[in-house]
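For the numbers below, each heavy atom of this structure counts, side chains included, while hydrogens, waters and symmetry mates do not. Since the structure is predicted, the reported quantities are computational estimates derived from the model, not experimental observations. Here, residue 1 is the first one in the sequence, and each next residue gets the next number.
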Amino acid sequence: MKIAIFNNHDASSQTITQALIVALERAGLTIDHERPDVVVSVGGDGTFLGAFQHYVDQIDTVRFVGLHTGHLGFYTDWLRTELPQLVASLQHDNHERVSYPLLEMTAVYDSGEEYRFLALNEAVIKQPMGTLVADIYLGDQLFERFRGDGIAVATPSGSTAYNKANGGAVLHPSIPAIQMSEIASINNRVFRTLGSPLIVPDGQEIVMRPKSDHFLVMYDQSDIKGQNIAELRFRVADKKIHFAAYRHVDFWQRVKRAFISDIS
């Protein structure tokens with residue numbers, strides 16, 4: 001059993017990481033940051049997204065566990081006070097996993113070159129100055145011409161992030177779909193968009209063809225330059241992220257814990 005630990009630079013996270021390394025070695029588990037079986041993220045949800053992107057090339061074979069250094073996060077099931085229980089679960093690993101859909105984003109450049117990226121949460125296209133203008137296609141059919149600050153395309157697990165702030169629906173990760181939401185769209189007698197979040201099933205693409213180069217493309221915690229991009233394609237990825245199913249928290253419980261106070 002080979003374990004990798006991915007932590008942020010916070011002093012608390014580094015202290016917990018050192019304690020976890022000692023506990024894993026005492027339990028006879030191997031620390032391997034190159035080809036791990038399980039990646040333990042130590043930090044918050046942002047650290048977890050970093051761990052996912054760091055090991056994205058091994059997504060088919062690795063499973064993830066989130067250890068939060070503060071309150072429980074959306075992707076983190078364990079607290080700093082539960083190191084012994086976490087190590088015991090790793091020690092008696094049953095190879096079971098829970099899988100969530102991912103977003104595949106393809107950037108097609110004017111030169112014809114294509115680059116693909118995977119996102120666990122979302123991709124966001126924003127115009128920092130002025131108005132983003134882009135044609136939105138569903139498959140091969142032109143759907144609308146968007147004008148506004150930007151658009152967000154989210155996975156089901158990422159539907160609770162920017163997508164929710166844009167008025168999007170919260171999707172359960174058992175639904176293989178992606179969701180596009182508008183960021184401050186312009187709607188009047190001249191310009192018109194759907195004005196509502198759009199849920200697209202597995203097997204169908206959302207294609208965005210921008211009308212200028214001056215935009216930003218961000219996915220999870222990474223970004224690419226918007227210059228010379230002819231189109232961006234979004235679809236449900238063929239690959240999924242896999243969580244080690246030691247005591248994986250039910251999705252709706254995560255949502256309740258994150259957004260709703262306890263009902264007395």
Side-chain angles (χ1 to χ4, degrees), residues 2-10 13-14 16-17 20 31-70 72-78 86 89-90 93 95-107 115-124 152-164 170-179 202 217-224 234-249 251 254-255 258:
K2 296 178 293 183
I3 312 296
I5 303 172
F6 189 96
N7 63 283
N8 60 33
H9 298 297
D10 181 78
S13 294
Q14 295 193 34
I16 294 169
T17 295
L20 179 58
I31 307 295
D32 185 342
H33 291 102
E34 299 300 321
R35 306 297 299 182
D37 300 304
V38 173
V39 175
V40 179
S41 168
V42 180
D45 285 340
T47 305
F48 192 96
L49 291 175
F52 165 76
Q53 289 295 339
H54 186 81
Y55 288 98
V56 69
D57 292 337
Q58 300 179 48
I59 200 68
D60 290 331
T61 58
V62 73
R63 289 171 295 144
F64 292 85
V65 174
L67 173 63
H68 208 290
T69 52
L72 286 174
F74 206 83
Y75 290 115
T76 51
D77 294 333
W78 299 84
L86 173 58
S89 294
L90 291 164
D93 180 69
H95 302 287
E96 291 184 3
R97 63 189 191 183
V98 175
S99 302
Y100 283 8
L102 298 172
L103 170 68
E104 179 182 288
M105 178 179 71
T106 302
Y115 296 93
R116 289 179 174 81
F117 309 88
L118 291 179
L120 172 58
N121 252 15
E122 63 198 359
V124 177
V153 184
T155 65
S157 57
S159 67
T160 59
Y162 210 159
N163 170 80
K164 182 177 179 296
V170 175
L171 292 184
H172 193 280
S174 63
I175 301 172
I178 56 175
Q179 183 172 182
D202 187 15
V217 182
M218 297 156 281
Y219 62 102
D220 289 347
Q221 293 185 321
S222 303
D223 61 81
I224 60 175
F234 306 96
R235 62 185 292 271
V236 178
D238 294 329
K239 297 178 182 294
K240 294 185 176 184
I241 184 174
H242 307 295
F243 298 88
Y246 302 141
R247 64 166 192 193
H248 192 70
V249 178
F251 178 75
R254 292 175 185 272
V255 172

Heavy atoms, side chains only, cut-off 4.5 Å: are [X] and [Y] in contact?
X    : Y    : value
L120 : Y75  : yes
L103 : V236 : no
T106 : Y115 : no
V153 : M105 : no
V38  : V65  : yes
D32  : D37  : no
F243 : S99  : no
Y219 : I224 : yes

Going from [atom1] on [X] to [atom2] on [Y], what distance comes out if it is rounded to the nearest 0.5 angstrom?
X   : Y    : atom1 : atom2 : result
R97 : K240 : CZ    : NZ    : 9.5 Å
L67 : F48  : CG    : CZ    : 11.5 Å
L20 : L86  : CG    : CG    : 6.5 Å

Next on the checklist: I'd like to know if R63 and D93 make a salt bridge, using a cut-off of under 4.0 Å between side-chain N and carboxylate O.
Outcome noted: yes

Item to check | Centroid separation F6 to H54 less than 6.0 Å | outcome: yes

Checklist entry - Do F234 and F117 have their ring centres less than 6.0 Å from each other? => result no

Checklist entry - Which is it for N163 and L171 under the side-chain contact (heavy atoms from CB on, under 4.5 Å) test, yes or no, and what are the steps along the way? => result CA-CA 10 Å; N163 170 80; L171 292 184; over 6 Å; no

Item to check | Parallel, tilted or perpendicular, as decided by the 30° and 60° cut-offs, for the rings of F251 and Y100 | outcome: perpendicular

Checklist entry - Taking the inter-plane angle between the rings of Y246 and W78 on a 0 to 90° scale, is it parallel (under 30°), tilted (30 to 60°) or perpendicular (over 60°)? => result perpendicular

[X] versus [Y], closest heavy-atom pair with distance:
X    : Y    : answer
G46  : Q221 : O-OE1, 3.0 Å
H68  : D45  : NE2-N, 4.4 Å
S174 : P176 : O-CD, 3.3 Å
S159 : Q179 : CB-NE2, 4.0 Å
P173 : P101 : O-CD, 3.0 Å
Q53  : S222 : CG-OG, 4.3 Å

Checklist entry - Have N7 and S13 got a donor and an acceptor in their side chains that come within less than 3.5 Å? => result no

Item to check | Intermediate values then yes/no, side-chain contact (heavy atoms from CB on, under 4.5 Å), E122 and T155 | outcome: CA-CA 6 Å; E122 63 198 359; T155 65; over 6 Å; no

Checklist outcome for this item: Partner of R254 under side-chain hydrogen bond (donor to acceptor under 3.5 Å, both in side chains), picked from T160, T76, D77, is D77

Next on the checklist: So, using side chain to side chain donor-acceptor pair (under 3.5 Å) as the criterion, who are the partners of H9 when residues are at least two apart?
Outcome noted: none

Checklist outcome for this item: The side chain to side chain contact (heavy atoms under 4.5 Å, CB included) partner of V42 among D10, T69, T47, N8 is T69

Item to check | Residue pair Y55, I241: steps toward the side-chain contact (heavy atoms from CB on, under 4.5 Å) verdict | outcome: CA-CA 10 Å; Y55 288 98; I241 184 174; over 6 Å; no

Next on the checklist: Apply side-chain contact (heavy atoms from CB on, under 4.5 Å) to residues K239 and D60 and explain how you reach the verdict.
Outcome noted: CA-CA 7 Å; K239 297 178 182 294; D60 290 331; 2.7 Å; yes

Item to check | Backbone of E34 reached by a side-chain donor or acceptor of Q58 within 3.5 Å | outcome: yes

Next on the checklist: Counting only heavy atoms not in D57 (residues, nucleotides, ligands), do more than 12 fall under 6.0 Å from its CG?
Outcome noted: no

